[in-house]
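Since the structure comes first, as structure tokens, the remarks are kept for the end.
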2 protein chains.
Amino acid sequence: MEKKSIYSDRQIKLARFAKALSNPVRIYILELLSKQSCCYSGDLTDVLPIAKSTLSQHLKELKDAGLIQGEIEAPKIKYCINKENWEFARIQFKELFN
Amino acid sequence: MEKKSIYSDRQIKLARFAKALSNPVRIYILELLSKQSCCYSGDLTDVLPIAKSTLSQHLKELKDAGLIQGEIEAPKIKYCINKENWEFARIQFKELFN
DNA sequence: AGTATTGTTCGTAAATTTACGAACTGAAAT
DNA sequence: ATTTCAGTTCGTAAATTTACGAACAATACT
């Protein structure tokens, strides 16, 4: 039996997107990706003052939230905004703020 | 000596706002407040499936992030959106998503 | 003065987040 | 074949988040 939450699916998704945005490292990455089309995580390693394993965690967080996607260009990985979900998130935040 | 972060003040503030939005309880509260002008926390206690101490923590989180403000109407407290910061947050999110 | 109402604070517990370095994996280059 | 490069996974530690109930504080009501 499924216990239904008082929170709508939409509210839960919005909170999930917000969580992905709740860290300056991830804001930095997303702003970079939304300004230029894509980047390699090596670019990020060079500029961000965190260990590569930590960066990997942050990228995974953004990927799991659906905001970015990675494409293998061996031996590197090219990261881009996931446009569909990015647009969806944009609308969710827009509606929250009216 | 102040160690300067590679993250801008704006990026840190945006992450801070996102953190405040990163929980379904707080999304619920903010949507309620942005739809109707204000509410009493008793209204929230009635509808939210959490302990009053937990609700108090969430309201404090929203207050500390600057998104809401409380006004004493003894013995209750009337909560409203903090319009100035709400507008500021709106702009920050809007700019993030272009 | 005493009681009820409203909300905060305290102490605590479990889960999650953020961070690191070391070890590992897979593909490319030598 | 082995070395190099790019990135992930693992183990771990510290801090933060979320949650609860009990106790407390402040005000209103009787």
Side-chain angles (χ1 to χ4, degrees), chain A residues 3 5-7 11-30 32-33 38-80 82, chain B residues 3 5-7 11-30 32-33 38-80 82:
Chain A
K3 176 143 185 280
S5 161
I6 72 141
Y7 313 108
Q11 287 172 324
I12 291 168
K13 278 180 187 157
L14 181 48
R16 182 76 186 76
F17 284 131
K19 189 157 77 76
L21 302 178
S22 71
N23 180 289
V25 174
R26 296 195 293 266
I27 292 288
Y28 186 101
I29 294 168
L30 289 170
L32 193 72
L33 287 179
C38 292
C39 81
Y40 297 95
S41 58
D43 305 346
L44 296 168
T45 311
D46 293 344
V47 73
L48 293 173
I50 56 176
K52 61 182 178 169
S53 55
T54 305
L55 174 60
S56 190
Q57 274 182 87
H58 283 300
L59 289 169
K60 180 168 166 23
E61 177 75 29
L62 289 171
K63 237 187 302 178
D64 291 350
L67 294 175
I68 66 170
Q69 60 200 133
E71 188 189 338
I72 294 168
E73 281 192 13
K76 298 183 182 182
I77 298 177
K78 188 172 76 172
Y79 284 102
C80 309
N82 180 321
Chain B
K3 173 140 186 280
S5 161
I6 72 139
Y7 313 110
Q11 287 172 324
I12 291 168
K13 277 181 187 157
L14 181 48
R16 183 75 186 77
F17 283 131
K19 189 157 76 76
L21 302 178
S22 71
N23 180 288
V25 175
R26 296 194 292 267
I27 292 289
Y28 187 100
I29 294 168
L30 288 171
L32 192 74
L33 288 180
C38 291
C39 81
Y40 296 96
S41 58
D43 306 346
L44 297 168
T45 311
D46 294 344
V47 75
L48 293 173
I50 56 176
K52 61 182 177 165
S53 55
T54 305
L55 174 59
S56 190
Q57 272 180 90
H58 282 299
L59 289 169
K60 181 170 164 23
E61 178 75 27
L62 289 171
K63 238 186 302 177
D64 290 350
L67 293 174
I68 67 171
Q69 59 199 134
E71 187 190 338
I72 294 168
E73 280 192 13
K76 299 182 180 182
I77 298 178
K78 189 172 76 172
Y79 284 103
C80 309
N82 180 322

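By convention in this document, chain letters (A, B, ...) are assigned in the order of the sequence lines, proteins followed by strands, and residues within each chain are numbered from 1. Every heavy atom of this structure was used, including side-chain atoms; hydrogens, water molecules and symmetry mates were not.
- A:L59 comes within 4.0 angstrom of no nucleic acid atom, judged by non-hydrogen atoms across all strands.
- In this model, the phosphate group of C:dT17 is approached by a side-chain N or O of A:K19 to a distance below 4.0 Å at OP1 or OP2.
- Under 4.0 angstrom from either OP1 or OP2 of D:dG7 there lies at least one side-chain N or O belonging to A:S41.
- Considering only heavy atoms from C-beta on, A:D43 stays 4.5 Å or farther from A:L32 through its side chain.
- Following rounding to the nearest Å, B:K76 (NZ) and C:dT6 (P) show an atom-to-atom distance of 6 Å.
- Summarising the geometry, the separation between CG on A:D46 and P on D:dA6 is reported as 9 Å, rounded to the nearest angstrom.
- A:L55 places a side-chain heavy atom less than 4.5 Å from the side chain of A:L59.
- To the nearest angstrom, C1' of C:dT5 lies 17 Å from CG of B:L44.
- C:dA14 atom C1' lies 14 Å from atom CD of B:Q57, rounded to whole Å.
- Whole-Å rounding puts the B:K52 NZ to C:dC10 C1' distance at 13 Å.
- Per the geometry, CD belonging to B:E61 stands 14 Å off P belonging to C:dT9, to the nearest Å.
- Checked for salt-bridge contact, A:E71 and A:K63 miss the test: no charged N lies under 4.0 Å from a carboxylate O.
- In this structure, B:I29 places its CD1 atom 13 Å from C1' of D:dT18, rounding to the nearest Å.
- Distances shown here put every side-chain N or O of A:N23 at or beyond 4.0 Å from the OP1 or OP2 atom of C:dT17.
- With rounding to whole Å, A:Y40 atom OH is found 18 Å from D:dC5 atom P.
- Note that A:K78 lies outside the cation-pi zone of A:Y40, set by a 6.0 Å cut-off to the ring centre and a 45° limit from the axis.
- Within the 4.0 Å cut-off from OP1 or OP2 of D:dT17, not a single side-chain nitrogen or oxygen of B:H58 is found.
- Residue contacts shown for B:I50 are limited to sugar-phosphate atoms, with no base heavy atom under 4.0 Å away.
- Distances shown here put every side-chain N or O of A:T54 at or beyond 4.0 Å from the OP1 or OP2 atom of C:dA19.
- Side-chain N/O atoms of A:S53 and base N/O atoms of C:dG21 include a donor-acceptor pair closer than 3.5 Å.
- In this structure the side chain of B:I27 reaches within 4.5 angstrom of the side chain of A:L14, judged on heavy atoms.
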